[in-house]
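What follows is a short report on a single structure.
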Amino acid sequence: MYSDAYDPLDEAIAGLPLEEPPAGLRASILLATAYRPAPLFSLGEYVAMGAIAAIALWLIALVVMGGATLFVHTIETIAGTSARTLSNGATLAWLAAGGATALWISLFTGFQPAAVLPKRSQPPPRR
Amino acid sequence: MTTAPEDDGALVARALRGNPDAFATLVERYDRAVYHLAYRTLQDSEEARDATQEAFFKAFRSLRTFKIGSKFSTWIFAITYHACCDRLNRRKRYAGSELPERADPSPGPEDQAIALDDARRLRAAVDALPEKYRTVITLFHLQGKQYEEIAEVLGLPLGTVKTHLFRAKEQLRKLLGEMEVS
């Protein structure tokens, strides 16, 4: 039924000109991909800033409500608890396991950590 | 002295290392062909434009899943084809009936073809083909006789692609013959 022999129709099809894309298509693709303007902050930075702001708000509330004594007591409690937690081998092992799992899952989901993402801050070339 | 153009695999590797110019070169190399495939499949310039953007955006987002050693053209055409299929399915859902053979309300290709030159007549005949044949002919146009790659893009067995191509050409000959007579 099917033959690879010379067919003038094949030649005619191959000779058809490609459709002309609309003006600005390439620029819009490049602006959405390779030359996408870098966001002001990465997701991780937003999360970190939010956490810092929440902690700051909490500490300010402590100072306002209980004065310096409660503030110092709270800071000491946080520091003590953190030190105890991070000196516990089992906790560190769980943290390492969690981090390794997250990294492993990211290999399958296509999620790219900020460090390996292409830089997008450069403007598109002028042609 | 001119340097040989960098092959697609090397450009993908450079893009993955964070070089935006490498991906831009791939866009410059394939945007016209991708738009052509989208336009021929969807027969609507606005939708083809959106499908082209969507295809490159998806390719950029999932560049890490591209298998180094395979052909970038086949990969991007497959992404484009799937984007077009999604749009055709949506169109079908909203229309609630059979897909229209053509999206444009303009006169049929046969009418348009009268007094056109050979290339325009052939294009009008391709437009008049059913969607599955039109796509296979468009990919044959873009990729030549690389039947395995056409099959990969469409997700069809090689034999089916060859059969579709054979029937598409048969219909094309018939349409071109009718245009000749009219």
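Contacts between B/Leu142 and chain A at a heavy-atom distance below 4.5 Å involve the side chain alone, from C-beta outward. With a 4.5 angstrom heavy-atom cutoff, A/Ala12 touches chain B via backbone and side-chain atoms both.
Residues A/Phe41 and A/Val47 do not share a hydrophobic cluster, clusters being chains of Ile/Leu/Val/Met/Phe/Trp/Tyr side chains in contact below 4.5 Å. Hydrophobic cluster membership is shared by A/Leu18 and B/Ile150, with clusters built from Ile, Leu, Val, Met, Phe, Trp and Tyr side chains linked at under 4.5 angstrom. A/Leu92 and A/Leu103 fall into different hydrophobic clusters, where Ile, Leu, Val, Met, Phe, Trp and Tyr residues are linked whenever their side-chain heavy atoms come under 4.5 Å apart, directly or through other members. At a threshold of 4.5 Å between side-chain heavy atoms, the hydrophobic network of Ile, Leu, Val, Met, Phe, Trp and Tyr places B/Ile79 and B/Phe57 in two separate groups. In this structure, A/Leu16 is a member of the same hydrophobic cluster as B/Leu172, with clusters built from ILVMFWY side-chain heavy atoms closer than 4.5 Å.
Annotation for A/Thr33 and B/Phe23: closest pair OG1-CE2, 3.6 Å, computed over non-hydrogen atoms. The two residues B/Arg49 and A/Pro22 make their nearest non-hydrogen contact at NH1-CB, 3.7 Å. Here the shortest heavy-atom pairing between B/Ala24 and A/Tyr35 reads CB-OH, 3.5 Å. Shown here for B/Gln53 and A/Ser28, the closest heavy-atom pair between the two residues is NE2-OG, 2.7 Å.
For the pairing with B/Phe56, the side-chain contact (heavy atoms from CB on, under 4.5 Å) check across A/Leu30, A/Leu25, A/Ile29 returns one residue only, A/Ile29.
When side chains are defined from C-beta on, A/Pro17 counts as touching B/Arg123, because their heavy atoms get closer than 4.5 Å.
Identified by a heavy-atom distance below 4.5 Å to chain A, the contributing residues of residues 30-37 of chain B are B/Asp31, B/Arg32, B/Ala33, B/Tyr35, B/His36, in residue-number order. For residues 53-61 of chain A, a heavy-atom distance under 4.5 Å to chain B picks out no residue at all.
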